Amino acid sequence: MTSNLIVFPIILPLITSILLILCYKRLYFRRYLSIASLFLQMYTIIVLTTQVIKENTLQVLYVGGWDAPYGIALTFDLLSGIMTGICVFLAIITLLYGFGYTPIKKEHLFKLPLFFFMIAGIQLSFITGDLFNLFVAFEILLIASFGLMSLESRSNHKKYTYPYVALNLVGSFVFLVTIAVTYRLLGTLNFADMGVRSHLLTSDPRLWVMGVMLIFVFGLKGAFFPLYYWLPKSYPILPTPTGAFYAAMLTKVGVYGMIRLFGTVLPHSLGTLHTLVLVLAIPTMLLGILSAFSKKSMRDILCFNLISHIGVIMMGLGLFTKESLTASLFYMIHHMLVIASLFLIAGLIIKMKGSDNIENIGSLWKTSPLLSGLFLIQGLSLSGLPPFSGFWPTIGLIREGLSQGSYILVFSLLASSLLTLLSMVHILFRGFWDTQSPNVQKPVPYFKPMVGVAGILVLVSLGLGLYPEPVLKLSHDATEMVLNQKAYQSQVLP
Amino acid sequence: MGVSLSFILDGLSYFFGLMITLIGALVFLYSRYYMTGPKEEYGRFYMYLLLFMGTMLGCIFSNNMITFFVFWELTSIFSFCLIGFKYADPEHQKSALTALVVTIGTGLYLLVGCVIAGMGFHTFQISEMVSRYFTLPPVWFTIMLVCILIGAFGKSAQFPFHFWLPSAMKAPVPVSTFLHSAAMVKLGIYAIARFYPILSNHPMWAPLLITIGTLSMTWGAVRAVLSHQIKEILAYSTVSQLGLLVLFYGLSFHGVSHDYFHIANHMFYKATLFMVAGILITSTGIRDIRQLKGLRKYMPLTAFSCAVAAMSMAGIPGTMGFIAKEHILNMFFLLIAHQSLFFGIGFVCFILSSICLFAVGCRLVIPIFGGKKPPSLKIVKPRLPIQIPAIILSSFIAIFGIFPSLWAFLFSSFSVHQLHKFPMDTIHSVSSFPVTKAATIGIFLLGYLLFRYLENKSLSVPAIPFPTLPSLAKLGSTVTHFLRLDKPLDYLFIVIGFLICATGWVSFGFHQPLVGFISDAIKPSMLDIVVTSIICLFAVATVVVNGWIGRLISLTTLGFLISVYFMLHKAPDLALTQLLIESVTLILLLLLLTRFSASTKKIDHRLPFTSLRHILKICISIGAGLWIISILIMMSGPPASPPIGSFFTLHSQSLAKGLNAVNTILVDFRGFDTVGEISVLVIALLGALGLIHRQKDLFSRKS
Amino acid sequence: MFHSIILYIVGRFLFVFINLAALYLLIRGHNAPGGGFIAGVTTALSFVFLTIISKSGDIKKLLIVDPIYVMITGLSIVYFLCLYPTFGFKAVLTHSQFTPLLFDVGIYMVVVGVIGSVMSAMIHNTEQLP
């Protein structure tokens with residue numbers, strides 16, 4: 001049965017992490033094993049995705065053989081395919097990079113198992129078609145990421161993990177309440193069934209309240225405006241490879257949840273909720289990026305940029321047309337690649353200069369032109385400038401924003417784009433152009449393949465910018481599939 | 001998306017392409033002798049310059065609005081790199097940043113304009129737009145027009161975006177020559193010309209162009225007269241000249257004539273003057289023209305080309321500038337017949353700026369090359385090759401100035417349908433209006449007087465402050481502080497407050513009173529009430545009791561009571577689980593905390609309501625409580641659809657072969673959730689062990 | 001810890017008794033209140049109890065295997081049960097005759113392993129404290 005393949009992106013990392021715990025003595029074997037497992041996972045995802053594209057329907061697996069809505073249905077559509085694929089790709093990249101970053105003897109024994117548990121959580125949240133199962137996925141994700149964060153951070157930074165776990169526990173609690181509310185209101189937790197039943201309730205404010213609570217839950221994960229407080233302090237304390245993965249993937253899980261919620265689950269006529277997201281998008285875009293200027297560390301700056309760009313994705317989400325969602329999805333893909341590569345570049349700088357505080361580095365423009373080039377490309381790409389990958393979705397968003405008359409949003413989008421550029425230029429000036437400040441350590445020779453790994457990521461995102469057509473088509477098809485509730489329901493519900 | 005790499009090859013793009021490659025080639029030659037420094041810098045310089053030229057040509061030849069915009073922004077980026085070529089200098093960084101912000105920022109307006117155009121015309125192909133109708137409401141056309149023009153004004157350093165150009169003069173001279181006089185700033189003019197057939201019918205077109213053009217023309221000319229740094233003078237005169245070009249397009253209502261001549265005139269003489277300025281700077285090291293005197297003997301060729309170019313700027317007969325000026329004066333005199341105040345003001349400003357530019361032309365030649373060299377001035381004689389490009393350009397000025405028919409012969413075939421007037425009147429060397437002659441002579445006289453008047457005065461204009469990175473950093477820290485991002489203890493208030501507000505907002509427009517839902521949903525028994533009130537009691541006690549042992553005990557009792565509640569509602573599994581978990585937690589915590597007893601004595605003994613924070617905490621707690629109560633009340637109404645739960649109780653034996661429905665759900669129906677939760681347990685353990693133990697202790701502790 | 005010989009002897013009997021109860025809960029779980037999780041927590045409670053009465057705080061010395069291996073075995077059983085049906089071309093986690101019990105046993109082992117490890121780690125690391 002092919003549909004059993006759906007479970008493999010989840011179960012493979014779980015099994016891998018058990019194996020990784022068991023062979024704790026064979027350090028090199030662990031590394032090979034983890035990469036091999038990721039490649040195997042990638043293979044299953046590619047097989048599944050091609051099947052989805054070929055048949056133009058989603059793949060469903062009823063776990064335990066219990067039909068929806070009674071059992072748990074795992075659904076794999078094009079959106080899941082894109083997200084899981086990028087997750088595995090970034091995992092491979094950041095792991096390979098991390099192997100160069102951390103000496104093998106210093107790697108914590110539980111780092112790799114926890115990393116794989118985290119991947120399992122992420123993949124489960126992309127694949128599941130059940131609200132409670134999504135909660136379980138979020139729990140796996142949260143506990144694993146928190147564990148990893150506290151293992152990997154230095155002891156004087158451990159206190160910064162506190163906001164992360166505290167706020168996310170609040171989120172989990174609200175999620176649980178929301179699940180209870182949903183069950184009470186709709187009598188089911190299956191996405192498809194929820195969709196069917198909520199269509200009868202579009203004017204019922206109880207449904208709106210449920211929607212707002214879900215927005216809160218996903219918004220907390222996805223770092224929406226007043227809910228992003230956990231992010232800026234917690235990501236920078238991670239070692240950069242892990243930080244890159246976190247920055248790229250974790251918030252996107254929340255955003256994915258929003259797309260799934262708005263597209264597949266809730267009726268499309270709930271304008272109030274879309275407006276709420278739009279209203280939140282503006283401060284997310286602007287305030288996030290403004291805070292970036294008050295920071296000195298490159299990773300801090302990147303984290304605030306990240307928040308701002310979540311706002312951009314929210315804008316597409318809130319406008320809620322096929323084109324705007326396509327743009328959002330494309331932007332998300334672009335952003336995951338770019339922010340991860342910028343983190344990796346920051347990691348290289350840390351290796352070379354001993355710090356990523358932009359006041360303390362400098363003269364990289366002269367000493368390492370390759371790194372400067374990579375940074376320049378990704379910095380421009382992050383600001384959505386042509387011809388890099390951030391530009392194409394920006395056009396789509398402007399177009400949709402204008403055609404819906406949301407001038408303030410379009411203005412905020414452009415302002416955040418300009419401000420992003422400025423903050424990148426800020427890094428460029430202080431970190432790359434200025435002469436080296438006297439209190440910097442001697443340049444350290446670093447592991448050359450790390451540059452290559454970062455370079456691969458940059459090349460991929462460059463390719464995305466120069467030839468966006470296939471990915472644009474992919475995200476368009478994925479959006480279409482997400483928005484086609486009828487097809488989803490008839491596929492999942494027998 | 002309708003974005004493709006399609007190119008437009010017509011007279012306009014050919015002309016611009018020709019000019020840019022011509023000046024580009026000369027600048028490349030010039031920079032070979034101008035640039036000094038290590039070889040790798042050379043390479044970098046030429047790389048940027050070539051990349052810039054490539055994108056510039058790409059921009060000019062692209063037919064697709066989006067590709068046009070892509071190249072447009074790329075020119076800004078390479079200009080940024082070139083202005084910041086001496087990157088370590090904070091001043092250079094500042095000017096590079098200014099240029100970048102202005103050009104990219106206005107470029108974003110252009111993007112908006114392009115997108116609206118694409119929406120309105122249903123195509124991004126510029127060549128197709130002309131023949132199509134704009135399908136959106138007319139206000140969109142106005143927005144599009146304004147956006148595109150803002151983009152063009154930003155790029156062409158028009159008022160109020162003009163300030164980036166003088167500050168961009170920090171760049172090496174070849175860059176200023178190429179980008180900031182000939183190529184990049186002309187891109188805005190190019191855009192105006194390119195979109196002329198599409199946009200010029202709009203009533204806003206002419207007033208906008210005329211106003212902005214007049215303002216920049218006048219302000220630039222006045223500033224040029226008042227400046228002393230040679231490159232600054234040239235920059236402001238460029239602003240003025242570009243303003244004139246903008247004005248020119250605004251005045252041409254029914255087709256443009258001879259715009260190429262004006263553009264070429266400016267390109268030639270400005271590039272020449274910049275090259276001369278570069279020669280002066282390299283050979284004397286001085287940028288302030290007041291200190292330069294009597295140089296004609298040391299660089300006669302340069303003096304010649306400078307004189308020709310300055311004459312063209314001043315509009316003296318025999319140069320292209322003269323013909324251009326006459327042409328515009330003629331246009332004005334034809335238009336003044338309309339007796340509009342608008343044109344009157346424009347005309348006065350044109351005369352004023354011409355006077356100023358004449359004075360500038362005089363200043364650039366007479367004091368620098370005339371007179372006697374003061375002995376303190378040290379000169380390195382410029383080599384011949386560095387002077388050649390300037391001479392070539394200045395000879396163009398002279399040739400086309402003397403034989404304008406040659407220009408007409410060469411470039412008449414470059415004219416574009418729908419942009420240019422047909423048939424085009426020929427350019428005359430001597431004007432047909434006698435008034436024009438009078439005006440020209442008046443300009444010369446007044447200009448010379450102005451030059452004489454200013455000769456021994458040093459006026460200066462204060463610089464306009466521009467927001468820089470430090471000010472943004474200050475704003476950023478204000479925002480950060482205001483949002484309390486650095487105070488991680490405040491976030492719970494904000495997050496919970498948001499939850500309350502958002503749910504409140506959504507249910508605000510709710511017409512049915514919430515209470516209506518309560519009606520028959522809640523019918524508590526006596527026992528329920530007793531248990532719940534004891535639970536409440538312990539909940540309060542958890543907060544009020546002093547000392548951690550008391551708090552822990554009351555919290556655990558709370559848990560036990562909840563299990564009683566579960567029991568009351570016939571959920572023995574839940575009750576059992578709750579009971580066991582509470583016990584394990586209590587024992588583990590006691591075991592652990594008794595060992596830390598020394599360090600856990602510190603507990604806040606302050607009375608409530610003593611500090612604002614305390615009150616806020618209480619408010620938020622009460623708010624959260626009220627929130628969950630109202631959610632419960634709201635949801636306690638009749639369910640909208642029958643819940644699926646009955647399926648499990650009905651079929652747990654028949655389908656899952658178990659009598660205990662809870663267990664069949666956990667193990668069978670929703671076993672996958674359990675798999676996940678079990679993994680969560682393991683993950684939590686791994687995290688905890690990783691924190692507790694050091695690496696080597698993890699597996700080998702059987703000591 | 002709280003060392004007393006009577007408590008120790010009684011405690012040993014109690015330990016066996018509690019574990020028998022846990023086993024009972026585990027086996028009957030599918031049909032009556034009980035199940036893997038509850039049984040696991042019960043067993044873990046017995047360990048806690050044992051720790052309190054025994055001389056040394058470290059229960060690892062009292063147990064034959066490191067609880068972490070119990071946990072891993074349990075987890076492996078659960079994951080194996082997930083994948084096992086795929087060999088018979090059935091959906092993941094489809095149960096047959098005895099697998100629900102085995103699943104419960106897996107849960108039981110994980111819970112025991114986790115709580116046991118946490119407890120031993122906590123006690124081990126706080127031994128030196130006053």
Side-chain angles (χ1 to χ4, degrees), chain B residues 571-577 579-581 583-599 652-653 655-660 662-664 666-672 674-675 677-686 688-689 691-694 697-703, chain C residues 1 25 28-42 44-45 48-49 51-52 57-58 60-61 66-68 71-72 74-75 78-79 81-82 92-97 99-101 103-104 106-107 110-111 113-115 117-130:
Chain B
D573 279 273
L574 297 190
L576 203 53
T577 315
L579 209 63
L580 285 168
I581 285 293
S583 339
V584 172
T585 319
L586 176 69
I587 294 173
L588 283 181
L589 277 179
L590 277 176
L591 271 180
L592 193 66
L593 289 179
T594 43
R595 295 177 180 225
F596 287 113
S597 55
S599 58
S652 71
Q653 195 182 5
L655 292 176
K657 316 276 185 302
L659 287 172
N660 182 357
V662 174
N663 191 270
T664 50
L666 283 179
V667 172
D668 203 343
F669 290 116
R670 300 187 64 95
F672 202 58
T674 314
V675 174
E677 292 292 3
I678 289 296
S679 312
V680 170
L681 268 184
V682 174
I683 297 162
L685 175 75
L686 292 187
L689 287 188
L691 274 182
I692 294 172
H693 294 308
R694 276 160 305 175
D697 295 344
L698 276 176
F699 282 93
S700 53
R701 286 182 301 102
K702 294 220 168 185
S703 50
Chain C
M1 291 173 77
L25 282 173
R28 74 167 202 156
H30 213 48
N31 294 316
F37 190 80
I38 293 173
V41 179
T42 315
L45 257 179
V48 177
F49 187 66
T51 316
I52 292 172
D58 195 347
K60 279 205 180 175
K61 287 177 192 164
D66 191 325
I68 218 166
M71 176 195 85
I72 289 174
L75 204 58
V78 171
Y79 291 164
L81 285 179
C82 271
V92 167
L93 208 64
T94 309
H95 281 301
S96 49
Q97 193 69 39
T99 49
L101 184 63
F103 194 84
D104 257 347
I107 298 171
V110 170
V111 173
V114 167
I115 299 183
S117 305
V118 165
M119 203 164 59
S120 86
M122 258 165 46
I123 289 165
H124 178 81
N125 273 269
T126 50
E127 253 168 356
Q128 293 83 2
L129 289 171

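The structure presented is a predicted model; accordingly, all values stated were derived computationally and were not measured. First the proteins, then the strands, lettered A, B, ... as listed; each starts at 1.
With rounding to the nearest 0.5 angstrom, the CG atom of C:L25 is 8.0 Å from the CG atom of B:L580. Of the inter-residue distances, the one linking C:L75 atom CG with B:I678 atom CD1 reads 8.0 Å to the nearest 0.5 angstrom. A distance of 10.5 Å separates CZ in C:R28 from CG in B:N663, rounded to the nearest 0.5 Å.
Between chain B and the options C:V92, C:V114, C:V111, the largest number of non-hydrogen pairs under 4.5 Å is found for C:V114. If you tally non-hydrogen atom pairs under 4.5 Å between each of B:L686, B:L685, B:L574 and chain C, the highest count goes to B:L685. Among C:V78, C:T94, C:L45, the residue making the largest number of heavy-atom pairs under 4.5 Å with chain B is C:L45. Most heavy-atom pairs under 4.5 Å with chain C, from the set B:N660, B:T674, B:L666, B:D573: that is B:N660.
For a residue to count as touching a neighbouring chain, one of its non-hydrogen atoms must lie under 4.5 Å from one of that chain's; by this rule B:I587 touches chain C with the side chain only. Contact of C:V41 with chain B is made through backbone and side chain together, with heavy-atom distances under 4.5 Å. Contact of B:V662 with chain C is not made at all, since no heavy-atom distance falls under 4.5 Å. Only the backbone of C:A32 comes within less than 4.5 Å of a heavy atom in chain B; its side chain stays farther off. At a 4.5 Å heavy-atom cutoff, B:S652 makes no contact with chain C through either its backbone or its side chain. Heavy atoms of C:I107 lying under 4.5 Å from chain B belong to its backbone as well as its side chain. Contacts between C:L81 and chain B at a heavy-atom distance below 4.5 Å are absent for every atom of the residue.
Every residue two or more places apart in sequence or in another chain was checked for a side chain to side chain donor-acceptor pair (under 3.5 Å) with B:T664, and none qualifies.
Considering every non-hydrogen atom in both B:S679 and C:Y79, the closest pair reads OG-OH, 2.7 Å. Across all non-hydrogen atoms, the minimal contact from B:V682 to C:M71 is CG1-CE, 3.6 Å.
For the pair C:F37 and B:I581, the minimum side-chain heavy-atom distance is below 4.5 Å.
Side-chain atoms of C:H95 never come within 3.5 Å of backbone atoms of B:G671 as a donor-acceptor pair (strictly under, hydrogens ignored).
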